[in-house]
Every structure is written in structure tokens, then in C-alpha cells.
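To start, the structure itself, in C-alpha cells.
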There are 2 protein chains.
Amino acid sequence: MKNSPEVKIQNFLPQESQSIGSQLHRLLRAAIIEGELLPGQIISEIEMSKRFDISRQPVREAFIKLAEERLVEVRPQRGTFVRKISVKEVLDARHLREIIEVSIVREVSAKHDAELINRLRQLITQQKETAPGDAHAFLELDEEMHRTIALHAGREYAWRVTESIKAQMNRVRFLSFDFAQSKFELAGEHAAIVDAIEAGNADLAAQLMEKHLRGILATLPRVVSQYPDYFTDN
Amino acid sequence: MKNSPEVKIQNFLPQESQSIGSQLHRLLRAAIIEGELLPGQIISEIEMSKRFDISRQPVREAFIKLAEERLVEVRPQRGTFVRKISVKEVLDARHLREIIEVSIVREVSAKHDAELINRLRQLITQQKETAPGDAHAFLELDEEMHRTIALHAGREYAWRVTESIKAQMNRVRFLSFDFAQSKFELAGEHAAIVDAIEAGNADLAAQLMEKHLRGILATLPRVVSQYPDYFTDN
DNA sequence: AATGCTATACTTGTATAGCAGAAAGTGTAT
DNA sequence: ATACACTTTCTGCTATACAAGTATAGCATT
């Protein structure tokens, strides 16, 4: 404890000393998004409780949260299953995300905050520097980028919604290896958006964000035909 | 079994025979929104399990769902509390809702569906006919109205988000007695929106929806000063 | 061959009992 | 009045058990 306590206190949040249930929830969430747990796969409470040597209760609680996020489906007396990706839902969610993030980027463009621009450029640099194939690292930096923009606009609620939508879209991206293949392309789109924000050109920023978020529309049909049984509604 | 089996089979859904935990969740959700459980009030797992003669587990599961909706806050080793209404969060959520519903009403205006218009006018009539002071009944019809419009636009995901935002906003409305006092005013706004949709006037419909959703901005400060300890962030 | 039946195993939902650990309240002694 | 010890209360977690719905495999019947 050599740092000044003032700083610690400011940044201190009750920490929620992560319960086992919450930890498991985060773990399984990432596992589903990154395709470690496959769409349609059954995951029972007892199986998980044995694997992690915990009781059923925290597993149940993790499952409930995953079900609320539509990442699993609990079918009573049958089992709990990793949800297949609903094409309809991904498109519907993507549409909403576009509306949200376009409106956010418009607001941010009106602000002219040099510190924000620096921070975003820093993130883009880090994105380019991620190890090839390390989709997880790129994903986190992508997440951080969109979050920074949203929170800078004071749109916390909008970010929470976007976060949830992003989870569904990232499931598709992980299947498509988009992160690995088009790392520089995506980072380039980010850079263009930041340039437009810096220039205060809201219309351009909005247009670029729109294009950025429509990338998945081209990817989706390809992935669906490649892994048809990971999807529903097609 | 006199109906044709084809129709039955198509409409068959497993029905999800509501578990105790889910039932309790719905019950408590309504109780919090309608002010039966007060902001800041403590509600322990054991208390609830005794009151409804059930075990702690389903109570915990109901609490988790309420926490995800930000209607309660679970503070480990301290207790579970009905969340005070965050003014900042209500404004932030309202802002998002405006963006969502304005975009939806624009889409619907381009559709020209006579059946939809009839259904909406029917709902407005029912809204006017609710018993004076029966805020619960009006609320359900209001919910049904916004839901019908959203789902007609095929925006299921957007509706789920709106539903969650609406919960926070309705907490304020219930405190303000807005439903009782301005039942006809609100129904009138609905009617104007439906007229604009029917006329295919997307700009007008959007403008009216915007105005409709900004009503709470006038209400909020009044309610905050009337019940200061039900709120945070003011 | 198709259908019906039965035994079996597995799933989630719920109950009960209990303990750990943190926080809050209470009372006592100084 | 303050400090300290005791008690209570709360959530998080464990363990065990049972009910009831569901899937499956195998066998018997038609």
C-alpha cells in the first residue's frame, strides 16, 4: 500500500468481491461468445458444479443470468442448452445497435475533446498491435473503444444495451474469424470514425459508424451456410 | 379437439409453466413499479420466503432477476434493497427510449396497415374507459400500445429494451399520479400519433412521439421535490 | 414393421438444514 | 462518552433429498 490513499479511495468501488456465481457467469459468457461452448450444446447444472467443484446453487444463478442475456435456454426437466444463434435476432439487434451508436457518435462529434481523441487513437494503436489470431485481445480493445465513446457521451444506459447486442454479434464474428482476418480493416474503420469525430463532422462520423456496423451483414450469410446447425431462423 | 390439428401444431409453444421463482419475480416487479414496495426499503430473502411460504432459493432467483433490471440492489452481507430511483438513470434511459421509439414510429408510418390502426384505436378506447384511478389497468394498456407498434415494425429486440426502460419511467409516473390525472391527455397523445401513422406522415408521427415521451421531463422535478428520499443523483 | 409399454436415468425446480463471513445493532465496562 | 465484546441479521454457499417432467433404450404386442 505505497500509493497515495486518496487515489485509491476515489477509484474504489465496493468491488463486489465477485461471488462464485458471478465469476462463473463471466466465464461461461466468454466461453459461449468465443465458441468454446457450441450452439446447441447441453450444459447441465450438475456437470458444471462437478467441473468447477462448486454446488448447484451458484451454477443455477449463472445460468439464470445467461438466460436473461439469451445466451442459454433453460428448458425445465430437459436441460440447459447453449442457444443457437438466431439470424433474425442478430439482424434485429444489429439494427438497434446502429441506431444507438450512430446517435452517440453524432453527440460526441459535437464535443471536441482532445483527450478523448488521444485515448481513442491509443486504443486503435493497441488494436493493431494485438498478436495475430488473438481474437480475444482484439475483442476487448474493440469493446473498450465503443464503451469509451458511449460513456463520453454520458450514455451509460445505451452502453449497457449495446454491450448485450455486441455479445450476440460477436458470436457470429468469432465463427467467421473476422477478428483475425480483418484486424487492420476494422482498426482502419475505427481510425476514420475518430478522424471524423475530431473534425466535428457529425454527418461523416455517423455515416462511417453505420458502415462499420454493417460489416456483419456481409459476413453473416457466409457463416450461416458454413455452420448451418449453429443457427436458427434462416 | 374439434379444431384442425394443423393450426394447433403451428401455434404450439411449450408454455413454460411458470416456476415459483418467475412468478415471484413478476409479482415483486409490479410491486416495486407501482410503489407498493418503497424505494430504499429492505426486503430480505428470509422475509419473503416466510411471507409466501416458499424456500429461499426461488426468492434468491427472483432477486437476481430484479437486480439485473436494476429494480433492487443486492448488497452482500447487508441485505437486499428496493433501489432508489436514479434521476440520472431515468433521464439517460428516457433519452434512449426516445431514440428507439421515434425510429420505430417512423418505420411503422411507412407501412399503411389498416388492421394495425384499428387495433391501436381499439386500445385507445379501452384506455379512456379504464376506471378512474385504476393506474394498473391504464399502464397495461399503455404497455400493450407501445408493444403493438414495436412488434408490428418487427423490432422485438428494441421492444425488450423499451420494456425495461419503461419500468424505470413508470416508477416516476406512479409516484406522480400521472396516470390518473392525465389519462385522457395521454390517450389523446396516443390518438394523435396513430392519426399521423395512418396518414403516413412519418415526420409528424416522430415529432408527436418525441413530445409524448418528453412528458416525464416536466413531471420528474416535481416528484423529486415531493419525495426527495425516494431518489438519488439530484 | 410399427406401435405401445416399461424400466431407467437424467434434468430442473424446490425444500430443508446448516455454516462462513461480513455488517450492523446492543449492551457493558471503562 | 468511548471502547469493546456479544448478538443478531444478512447474503453466499454447501449438502442432501425429493418431486415431476423428459428422453431413451429395450421388450412385448399387434
Side-chain angles (χ1 to χ4, degrees), chain A residues 9 12-29 32 37-84 229, chain B residues 1 5 9 12-29 32 37-84 229:
Chain A
I9 289 171
F12 183 75
L13 271 178
Q15 180 62 1
E16 287 295 326
S17 72
Q18 288 294 10
S19 66
I20 295 180
S22 299
Q23 289 179 52
L24 182 62
H25 167 239
R26 273 193 311 169
L27 187 80
L28 294 180
R29 193 183 124 97
I32 292 170
L37 294 174
L38 298 176
Q41 186 177 341
I42 185 168
I43 46 169
S44 87
E45 295 174 1
I46 293 174
E47 176 204 341
M48 286 295 160
S49 69
K50 280 180 182 163
R51 183 189 297 188
F52 297 101
D53 197 36
I54 56 180
S55 69
R56 273 180 68 200
Q57 171 136 334
V59 177
R60 281 182 66 79
E61 300 186 354
F63 281 11
I64 288 174
K65 290 180 187 173
L66 292 170
E68 299 260 309
E69 296 172 281
R70 316 199 117 229
L71 290 173
V72 307
E73 186 180 354
V74 180
R75 307 222 297 243
Q77 280 74 51
R78 245 155 302 179
T80 300
F81 302 82
V82 177
R83 271 186 57 128
K84 294 192 176 185
D229 41 338
Chain B
M1 280 288 208
I9 289 170
F12 183 74
L13 270 176
Q15 178 62 1
E16 288 295 328
S17 74
Q18 290 294 7
S19 66
I20 294 180
S22 299
Q23 289 178 51
L24 182 62
H25 167 240
R26 272 193 312 168
L27 187 80
L28 294 179
R29 191 183 126 97
I32 292 171
L37 294 174
L38 298 176
Q41 185 177 342
I42 186 168
I43 47 169
S44 87
E45 295 175 2
I46 294 174
E47 175 204 342
M48 284 294 161
S49 69
K50 280 181 181 163
R51 183 188 296 186
F52 296 103
D53 197 36
I54 57 179
S55 70
R56 272 180 66 199
Q57 175 128 345
V59 177
R60 279 182 68 80
E61 299 184 355
F63 280 10
I64 288 173
K65 290 179 186 172
L66 292 170
E68 299 261 308
E69 297 173 280
R70 317 199 118 229
L71 290 173
V72 307
E73 186 180 355
V74 179
R75 306 221 294 244
Q77 280 74 50
R78 247 154 304 178
T80 300
F81 302 82
V82 177
R83 269 184 58 124
K84 293 192 177 186
D229 41 338

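As the structure is a prediction and not an experimental result, all values here were calculated from the model. Here is the naming used below: chain letters follow the sequence lines, and residue numbers restart at 1 for every chain. Keep in mind that the numbers below use all heavy atoms, side chains included, and drop hydrogens, waters and symmetry copies.
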So, OP1 or OP2 of [N]: does either fall under 4.0 Å of a side-chain N or O from [X]?
X	N	result
T80(A)	dT12(C)	yes
S44(A)	dT11(C)	yes
R75(A)	dT11(C)	no

Mind checking the [atom1]-[atom2] spacing from [X] to [Y]? Nearest 0.5 Å is all I need.
X	Y	atom1	atom2	result
I32(A)	L27(A)	CD1	CG	10.0 Å
R78(B)	I42(B)	CZ	CD1	11.0 Å
E45(A)	R60(A)	CD	CZ	4.5 Å

Whole angstrom is fine here: how far is it from [atom1] in [X] over to [atom2] in [N]?
X	N	atom1	atom2	value
M48(A)	dT11(C)	CE	P	12 Å
I64(B)	dC13(D)	CD1	C1'	12 Å
I54(A)	dC19(C)	CD1	P	22 Å
E45(B)	dT8(D)	CD	P	20 Å
Q18(A)	dC13(D)	CD	P	10 Å
F63(B)	dT11(D)	CZ	C1'	11 Å
I42(B)	dA23(C)	CD1	P	14 Å
I46(B)	dT8(D)	CD1	C1'	11 Å

- Task: Could you check if a side-chain atom of F63(A) sits within less than 4.5 angstrom of a side-chain atom of L28(A), using non-hydrogen atoms only?
- Result: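 Side-chain contact under 4.5 Å: yes.
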Of the listed nucleotides [options], the one nearest the side chain of [X]:
X	options	result
E61(A)	dG13(C), dA15(C), dC13(D)	dC13(D)
S19(A)	dA15(C), dT12(C), dG12(D)	dG12(D)
R78(B)	dG12(D), dA23(C), dT14(C)	dA23(C)
Q57(A)	dA20(D), dT16(C), dC13(D)	dC13(D)
R60(B)	dT14(C), dT12(C), dT11(D)	dT11(D)

- Could you walk me through whether L24(B) and V59(B) pass the side chain to side chain contact (heavy atoms under 4.5 Å, CB included) test, one step at a time? CA-CA 7 Å; L24(B) 182 62; V59(B) 177; 3.9 Å; yes
- Task: Look at K65(B) together with E61(B) and state whether they make a salt bridge at an N to O cut-off of under 4.0 Å.
- Result: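 Not counted as a salt bridge, because no side-chain N and carboxylate O are separated by less than 4.0 Å.
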- Distance-only donor-acceptor test (3.5 Å): side chain Q77(A), base dT11(C):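 By the distance-only test, no, there is no pair.
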- What bend angle does the helix from dA1(C)-dT30(D) to dT30(C)-dA1(D) show across its length, from five-pair end axes and to the nearest 10 degrees?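 For the helix from dA1(C)-dT30(D) to dT30(C)-dA1(D), the axes at either end differ by 10°.
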- Under the side chain to side chain contact (heavy atoms under 4.5 Å, CB included) rule, what do R56(A) and Q57(B) come out as? Steps first, then yes or no, please. CA-CA 11 Å; R56(A) 273 180 68 200; Q57(B) 175 128 345; over 6 Å; no
